[in-house]
Amino acid sequence: MSVRIDIELCTGCGVCIDSCPFKAITVEDGIAHVDETCNLCGACLDVCDFDAISMSDIKKTEFKGDGFKGVWVYAEQRNGKIASVVLELLGEGRILADKLGVNLSAVLFGDSIESKANGLIQYGADKIYLVDDPLLKDFNDEIYSNILTDLIKEYKPEIVISGATAVGRSFIPKVSARLETGLTADCTGLDIDSEKRLLLQTRPAFGGNIMATIICPDMRPQMATVRHKVMKKASYDPNRKGEIITKGFDGHGKNLRTNVLDVVEEIGDLVSIAEADVIVSGGRGLQEAKNFRLIEELARTLDGAVGASRAAVDAGWIPYSHQVGQTGKTVCPKLYIACGMSGAVQHLVGMQSSDVIVAINKDKDAPIFEVASFGLVGDLFEVIPVMIERLKNRKG
Amino acid sequence: MNVIVCVKQVPETTGVKINKDTNTLIREGTKGIINPFDMYAVEEGLRIKEKLGGEVIALSMGPPQADEALREVVSYGVDGAVLLSDRAFAGADTLATSRTLAKGVEKVGEFGLIICGKQAIDGDTAQVGPGIAERLDIPYVAFVRKIREISNHTLVVERMMDDGYDVLEVTLPALITVVKEINEPRMPSLRGKMKAKSVDIPVWGISELGISEEEVGLKGSATQVIKIFTPQRHGNREMLEGSVERQVDQLVSRLDGMKII
Ligand SMILES: Cc1cc2nc3c(=O)[nH]c(=O)nc-3n(C[C@H](O)[C@H](O)[C@H](O)COP(=O)(O)OP(=O)(O)OC[C@H]3O[C@@H](n4cnc5c(N)ncnc54)[C@H](O)[C@@H]3O)c2cc1C
Ligand SMILES: Nc1ncnc2c1ncn2[C@@H]1O[C@H](COP(=O)(O)O)[C@@H](O)[C@H]1O
């Protein structure tokens, strides 16, 4: 497939140049040219007033997905606890499976984890593939990707989804590469094209400034990692019945090249920003490390997590694991409170998809107000204590 | 020990927006930059070389202008660079990209470690590194925030997780992807800048790599972008007014009303 310019119709007007996110179009000698940076996204097709741009739609490979059926959710656990995103995946997976008229299964690996399998059924899974072994206690890319690849080869699901967590984003790409199939990272929307039985995978690109819908037409399974907090949690039914398929683990004695030496939890008594419903973030406006206590107290009052701008992290006021933005984490909580931060684009791309954004800044022209749902112009050292007091009174 | 760093030239993504009236893309700052995470990969490669000897080679797949990005990393002290460029590479997804880069690595020759950035900021996929590791059948660790120990045979690293970190040991050769916390990149040196001007950067296409057209670019890709659109923004901005107390009271009642708190 390629983008074609009809030289008879092209007037060299250049409107298409701006439509291209990849800078692949130039106008030379009065005619548009498409170079090798073209990603075949098709963004230029609609903007041409002269119908000079077309995409030759040739089927590139034959369909290699015959016999693949069913939707799978990777049921991630860490330290024996099921990750919260799994319930969201089961909720979404149920919808996808129903649209396709197939079963929903969950894949669970871990050590002494069998007791968790039934819970996954109560949250909507029809089948559980369980692999329970002491060697699976900690997350080892090599072992985990071997098992998941083998299971997929054996049972042939048409769709496999996982959380876009550190674990999912670390090992799922290995599985998809080994299966030579496509993987769409960090999706915020999934749907089914019922006619073609295709998974429509929507995700942010270019730092959240645009959205792209992606398909995997010819390979199976269709794989995606999905962001936290965007899909609706599955409903719980204590009477739901399902099947648990226990698979043996034959990885012992195999020559492993990856060894997990230690697992260290660092977050302390505050929630991790990746999981939190509420994030209170502090920036350079806090002036000193010790003032982060104010942010922490507000976060605690709201049962939330603490985030930070790069300026605050670089100043050494708070560890990097709290940094939100282009070179930090991308978050999408229900409520994001930005305190004393200007709203640099590199920060905005990490938080602008939050449901509700509150900004507190003494500069009424700060760019953070442009993405805010509610703006408070004022000194954070005055505003935050009043907020804490009001919220505490409200609770008590 | 030789280290290969994978470097991608990306557009200044933050300037990419959709014009809401015409629904077309606007790009301010059309300049290509080195993917920020890849600068940490380069720096870590240089540090390993300073410790263990060997060479650091930068590898990039991209259009001919990616040559600029490679020259820039030479100015930081990288010994050599190779550009993988061919019209047939256009439209590659992460599967086809990692297949192509893995071929490039094989042609570059012997190495102890490959370092990639955590992710590229245009696509944010974080899939190319693991894809290369899979193709080359070498161990891999993502999101490395610290190298604790490195010898010619093994590597001990800290991998950043959502709730802390893991410590892992892998045998070499291996591939790691790095996060920003791992180091503080140096400035280019004068000698490096001179070298960047004159260094010969070979360009390898499908024939040099010995790879077929079916395996690369769009033909070798499993995924396909079918639509691009503007994200929906939630709610409109409301600037609260009055004294601090009044603003806070309004905020709390709004959030209450929306059942956010
Ligand atoms: C390649 C690259 C990647 C980057 N990645 C990231 C990233 O991942 N995350 C990130 O955050 N940044 C990132 N940055 C940095 C970013 O450009 C900004 O420099 C940074 O976000 C600024 O942080 P800030 O808003 O805390 O500080 P500033 O921009 O200095 O803003 C401080 C704000 O606090 C306000 N203020 C001061 N005192 C008070 C007070 N008493 N009460 C109320 N308000 C007050 C001021 O009016 C000002 O608006 C990146 C930059 C580059 C080049
Ligand atoms: N075209 C490319 N050329 C060289 N390295 C790349 C390329 N694409 C991705 N990489 C490397 O893979 C990392 C992850 O990229 P991505 O999977 O696209 O998010 C980057 O930080 C680079 O180190």
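A quick note: this is a predicted structure, and the numbers were derived from the prediction, not measured. A note on names: the letters A, B, ... follow the listed sequences, proteins ahead of strands, and every chain is numbered from 1.
Taking Asp86(B) as the reference, nothing meets the salt bridge (Lys or Arg N to Asp or Glu O under 4.0 Å) condition, with sequence neighbours excluded.
Looking at Val156(B), the atoms closer than 4.5 Å to chain A (heavy atoms on both sides) all sit in the side chain, from C-beta outward. Within the 4.5 angstrom heavy-atom criterion, no atom of Ile172(A) approaches chain B. Only the backbone of Ala92(B) comes within less than 4.5 Å of a heavy atom in chain A; its side chain stays farther off. Proximity to chain A is limited to the backbone of Ile138(B), based on heavy atoms less than 4.5 angstrom apart. For chain A, the nearby part of Phe37(B) is the side chain; its heavy atoms alone come within less than 4.5 Å. Heavy atoms of Val358(A) lying under 4.5 Å from chain B belong exclusively to its side chain. In this structure, chain B has a heavy atom under 4.5 Å from the side chain of Arg310(A), while its backbone stays farther away. If you measure heavy-atom distances from Ser145(A) to chain B, you find no contacts under 4.5 Å at all.
When the candidates Lys118(B), Glu158(B), Arg145(B) are compared by the number of heavy-atom contacts under 4.5 Å with chain A, Arg145(B) comes out ahead. The candidate from Ala142(B), Pro36(B), Pro139(B) with the greatest count of non-hydrogen atom pairs under 4.5 Å with chain A is Pro139(B). The candidate from Val175(A), Val386(A), Ile360(A) with the greatest count of non-hydrogen atom pairs under 4.5 Å with chain B is Val386(A). Contacts with chain B were tallied for Met387(A), Arg178(A), Lys334(A); Arg178(A) has the most, counting heavy-atom pairs under 4.5 Å. Most heavy-atom pairs under 4.5 Å with chain B: of the set Thr330(A), Asn140(A), Ile215(A), Thr184(A), this distinction falls to Ile215(A). Between chain B and the options Leu335(A), Val260(A), Thr327(A), Val263(A), the largest number of non-hydrogen pairs under 4.5 Å is found for Thr327(A). When each of Val179(B), Asp256(B), Ile132(B) is checked for heavy-atom pairs under 4.5 Å with chain A, Asp256(B) comes out on top. Chain B forms more heavy-atom pairs under 4.5 Å with one residue of Thr225(A), Asp138(A), Asp379(A), Thr258(A) than with any other, namely Thr258(A). For the set Thr213(A), Asp277(A), Leu256(A), the entry with the most heavy-atom pairs within less than 4.5 Å of chain B is Thr213(A). Between chain A and the residues Arg135(B), Gln119(B), Gln127(B), the largest count of heavy-atom pairs under 4.5 Å involves Gln127(B).
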Check the pair Gln323(A) / Glu181(B) against side chain to side chain contact (heavy atoms under 4.5 Å, CB included), numbers first and verdict last. CA-CA 10 Å; Gln323(A) 183 178 318; Glu181(B) 213 188 19; over 6 Å; no
Going through the distances and angles, do Leu183(A) and Thr125(B) end up as a side chain to side chain contact (heavy atoms under 4.5 Å, CB included)? CA-CA 9 Å; Leu183(A) 169 62; Thr125(B) 70; over 6 Å; no
Could you walk me through whether Arg159(B) and Asp141(A) pass the salt bridge (charged side-chain N to carboxylate O under 4.0 Å, His left out) test, one step at a time? CA-CA 11 Å; Arg159(B) 168 176 63 198; Asp141(A) 278 289; 2.8 Å; yes
Kindly determine whether Arg257(A) and Val170(B) satisfy side chain to side chain contact (heavy atoms under 4.5 Å, CB included), including the steps that lead there. CA-CA 5 Å; Arg257(A) 301 171 299 185; Val170(B) 292; 5.8 Å; no
Please step through side chain to side chain contact (heavy atoms under 4.5 Å, CB included) for the pair Ile261(B) and Leu302(A), ending with a clear verdict. CA-CA 7 Å; Ile261(B) 53 173; Leu302(A) 290 161; 3.6 Å; yes
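Once rounded to the nearest 0.5 Å, the distance linking OG of Ser98(B) with NZ of Lys174(A) reads 12.0 Å. Rounding to the nearest 0.5 Å places CZ of Arg148(B) at 8.0 Å from CG of Leu261(A). Atoms CE and OG1, from Met219(A) and Thr223(B) in turn, are 10.5 Å apart once rounded to the nearest 0.5 Å.
Between Leu95(B) and Ala177(A), the shortest heavy-atom distance links the atoms CD1-CA, 4.0 Å. Summarising the geometry of Pro130(B) relative to Ser170(A), their closest heavy-atom pair is CB-O, 4.5 Å, with the distance given to 0.1 Å. Closest approach of Arg87(B) and Val34(A) over heavy atoms only: NH2-O, 3.3 Å. Across all their heavy atoms, Val167(A) and Met161(B) have their closest contact at CG2-CE, 3.5 Å. In terms of heavy-atom proximity, Pro173(A) sits nearest to Ala126(B) at CG-O, 4.1 Å.
Under a cut-off of 6.0 angstrom, the local environment of CD in Glu389(A) is crowded, with over 12 non-hydrogen atoms contributed by other residues, nucleotides or ligands. More than 12 heavy-atom neighbours from other residues, nucleotides or ligands sit within 6.0 angstrom of CD on Gln65(B).
Salt bridge status for Asp314(A) with Lys180(B): present, with a side-chain N to carboxylate O gap under 4.0 Å. Residues Arg169(A) and Asp124(B) are not paired through a salt bridge, judged by the lack of any N-O separation under 4.0 Å between the basic side chain and the carboxylate. In this structure, Arg78(A) pairs ionically with Asp166(B), as a charged nitrogen and a carboxylate oxygen lie closer than 4.0 Å.
For the pair Arg254(B) and Val356(A), the minimum side-chain heavy-atom distance is 4.5 Å or more. Here the side chains of Lys227(B) and Met211(A) are not in contact, with every heavy-atom distance at 4.5 Å or above.
At least one donor-acceptor pair closer than 3.5 Å links the side chain of Gln247(B) to the backbone N or O of Val377(A). Not one N or O on the side chain of Tyr140(B) forms a donor-acceptor pair closer than 3.5 Å with the backbone of Phe171(A). Asp162(B) places a side-chain N or O within donor-acceptor distance of the main-chain N or O of Ala166(A), the cut-off being under 3.5 Å.
Considering Ile226(B), Val225(B), Asp93(B) in turn, Val225(B) is the only one that fulfils the side chain to side chain contact (heavy atoms under 4.5 Å, CB included) rule with Ile214(A).
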